[in-house]
Number of protein chains: 2
Amino acid sequence: MELKRTADGEKGFEKVFAFLRERLLAGSLKPGDRLISERELATLLGVSRPIVREALRALTVLGIVEIRDRIGTVVTRPDVSVLNDFFTFALAQQADMLDDVMQARVAIECQAIRLACERANITDFERLQRALARIGETIDEADAGGMADFDFHRAIVVASHSETLTVLHSSMAGLLTHSHRSRRELVQAFPSMKTYLIDDHRRIFEAVIARDPERADATLRKHFAIGDEYRRRALVGDIDRTSASG
Amino acid sequence: MELKRTADGEKGFEKVFAFLRERLLAGSLKPGDRLISERELATLLGVSRPIVREALRALTVLGIVEIRDRIGTVVTRPDVSVLNDFFTFALAQQADMLDDVMQARVAIECQAIRLACERANITDFERLQRALARIGETIDEADAGGMADFDFHRAIVVASHSETLTVLHSSMAGLLTHSHRSRRELVQAFPSMKTYLIDDHRRIFEAVIARDPERADATLRKHFAIGDEYRRRALVGDIDRTSASG
DNA sequence: GTTAGCATACTGGTCTGACCAAGATCAGAC
DNA sequence: GTCTGATCTTGGTCAGACCAGTATGCTAAC
């Protein structure tokens with residue numbers, strides 16, 4: 001963390017960025033605070049306004065501040081969208097990263113469910129239960145079903161009461177929803193998946209209710225493994241057509 | 001992922017950003033490619049150069065492109081530093097996030113070690129072994145010891161051959177190194193930690209060598225738990241002063 | 001005294017045109 | 001054929017200006 005001081009040796013952009021970063025990291029600029037106007041900042045640091053805007057824009061994409069048109073620039077609470085953007089771009093340039101991201105998702109969720117077993121409260125349980133019920137109700141719908149599935153998994157992470165895990169998990173949301181949907185589309189054709197989806201999620205739910213981290217982790221991990229297996233089989237057109245008519 | 005098309009309805013910055021994003025995500029702009037000059041981009045999109053610079057700066061902090069002075073703007077491979085920046089800022093404004101980040105770290109590493117059991121090759125094993133040896137050698141040094149500890153854990157993640165996990169793990173590196181160092185400083189005072197550090201890491205190493213994901217995960221998780229326990233006791237000045245003189 | 005309404009100062013959003021320093025390039029000298 | 005220097009190009013920056021809304025305060029009407 002090279003906190004370059006605001007020496008004059010720095011280029012314009014770096015000067016402004018460092019100036020603001022210093023105050024942001026030191027805490028003298030807290031979420032909710034409004035920065036001085038771009039013009040003031042420019043004259044204060046002896047740079048031009050476009051440079052100030054560059055720095056503010058940089059902080060904006062980092063989710064640190066928000067530039068409000070004709071209002072001013074205010075400090076915001078760090079947001080997820082940054083990671084979202086990053087993963088979106090990163091994924092685009094390395095398509096093989098998708099499987100990788102899934103691994104990270106498994107990592108996050110398995111840790112989250114352990115924490116959830118310790119920390120979940122009634123509200124969390126209720127949310128999980130609602131999500132579970134919704135999975136059952138929407139088992140025949142691709143869109144709603146995928147969303148219900150996603151909601152359930154998100155509820156697990158939320159129940160961990162870990163901001164970081166939640167942030168990381170959400171940052172992969174865009175990718176996950178796709179995977180959830182495509183998985184759900186398989187359900188229509190292959191009935192055996194219904195059992196898998198409903199039973200698995202209920203078992204996971206029960207493990208959390210029982211506050212049994214090991215069981216919850218193991219069950220969730222198995223759930224992912226089975227899901228992988230289904231998708232793998234789908235690739236070769238196998239699935240369970242042999243045991244059930246489509 | 002609202003991929004706003006480059007309609008004229010957008011503001012200047014959004015227009016440029018969307019224009020570039022489109023090409024970045026579509027893959028027509030790949031890492032290594034050089035963008036057209038700022039001036040050309042400006043005239044092409046009908047905006048001024050400062051606006052173009054804002055967009056380029058935004059992509060820069062996202063780690064997507066790199067602006068090289070007097071050379072041009074080139075597309076880079078997505079980098080870790082973005083997440084680093086984000087976590088740095090986020091942590092500064094929510095200090096209580098540190099414990100949270102540790103949880104995420106545990107999540108990443110436990111998943112990584114499972115993958116490592118499957119995917120690790122000779123090179124990975126050797127790197128782990130070196131790191132393990134180094135931990136033993138530097139057991140009495142705070143700085144070098146902390147680094148050896150960190151290297152070992154990083155070697156695990158690297159052995160997972162998962163880009164995403166590596167990226168996430170690295171992004172927490174700054175925070176982790178602190179924690180590693182402070183832990184090592186305890187070693188000097190409390191001899192029993194030496195055994196814990198050396199033996200635990202060896203057990204972890206052995207589990208990976210044995211390619212036993214469950215055992216590796218469990219051992220690593222226990223390793224973290226014991227570390228937590230030590231730190232927790234250190235807070236109340238307990239530790240093992242009773243059984244060993246300082 | 002209170003309030004509605006408007007003028008004004010201020011804010012972000014953007015543009016134009018310009019200058020600088022240094023890498024890249026190519027023509028011309030050797 | 002090679003070296004050298006002028007020139008083109010590139011990013012880095014600045015100054016000043018205009019627009020369009022917001023916020024504020026002052027005035028005028030009730």
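- Across the protein-nucleic acid pair, A:E40 atom CD and C:dA9 atom C1' stand 13 Å apart, rounded to whole Å.
- For B:D151 against B:A131, the heavy-atom pair with the smallest separation is C-CB, 4.2 Å.
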Practice problem: Do nucleotides 19-25 of chain D as a string where each nucleotide becomes B, S or -: B if the base has a protein heavy atom under 4.0 Å, S if just the sugar-phosphate does, - if no protein is that close. | Solution: -BBSS--
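- Across the protein-nucleic acid pair, A:F13 atom CZ and D:dC14 atom P stand 13 Å apart, rounded to whole Å.
- Protein atom NZ of A:K15 is 12 Å distant from nucleotide atom C1' of D:dC14, rounded to whole Å.
- Rounded to an integer number of Å, the gap from A:L41 CG to C:dC10 P is 17 Å.
- The two atoms that bring B:P31 and B:R77 nearest to each other are CB-CG, 3.9 Å, heavy atoms only.
- Rounded to whole Å, the distance from CZ on B:R68 to P on C:dA24 is 11 Å.
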Only distances under 3.5 Å count here; give the side-chain donor-acceptor pairs of residues 63-76 of chain B to other protein atoms, sequence neighbours excluded, each with its distance to 0.1 Å.
| residue | atom | partner | partner atom | Å |
| --- | --- | --- | --- | --- |
| B:T76 | OG1 | B:G63 | O | 3.1 |
| B:T76 | OG1 | B:I64 | O | 3.2 |

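- Remark: A:T73 is in phosphate contact with C:dG12, judged by side-chain N or O atoms under 4.0 Å from OP1 or OP2.
- Taking the salt bridge (charged side-chain N to carboxylate O under 4.0 Å, His left out) definition, one finds that B:E126 meets it with nothing, sequence neighbours left out.
- With rounding to whole Å, A:L35 atom CG is found 9 Å from C:dG12 atom P.
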Less than 3.5 Å apart, which donor and acceptor atoms pair up between the side chains of residues 50-59 of chain B and the rest of the protein, not counting sequence neighbours?
| residue | atom | partner | partner atom | Å |
| --- | --- | --- | --- | --- |
| B:R53 | NE | A:E54 | OE2 | 2.9 |
| B:R53 | NH1 | B:E38 | OE1 | 3.4 |
| B:R53 | NH1 | B:E38 | OE2 | 2.6 |
| B:E54 | OE1 | A:R53 | NH1 | 3.1 |
| B:E54 | OE1 | A:R57 | NE | 2.7 |
| B:E54 | OE1 | A:R57 | NH2 | 2.7 |
| B:E54 | OE2 | A:R53 | NH1 | 2.5 |
| B:R57 | NE | A:E54 | OE1 | 2.7 |
| B:R57 | NH2 | A:E54 | OE1 | 2.7 |

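- Classification of the B:H223-B:H153 ring pair by plane angle, with boundaries at 30° and 60°, yields parallel.
- Non-hydrogen atoms lying under 4.0 Å from DNA chain C are contributed by B:S48, B:R49, B:P50, B:I51, all within residues 48-66 of chain B.
- The heavy-atom pair separating B:V208 from B:C117 by the smallest distance is CA-SG, 3.9 Å.
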Exercise. Report the C-alpha separation of A:L168 and A:T164 in whole Å, then their side-chain angles, then the decisive distance to 0.1 Å, and conclude whether the side chain to side chain contact (heavy atoms under 4.5 Å, CB included) test is met.
Key: CA-CA 6 Å; A:L168 291 176; A:T164 307; 4.2 Å; yes
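- Residues satisfying the ring-ring contact (aromatic ring centres under 6.0 Å, His included) test with B:F89, not counting sequence neighbours, are none.
- B:R34 has its CZ atom 11 Å from the C1' atom of C:dG23, to the nearest Å.
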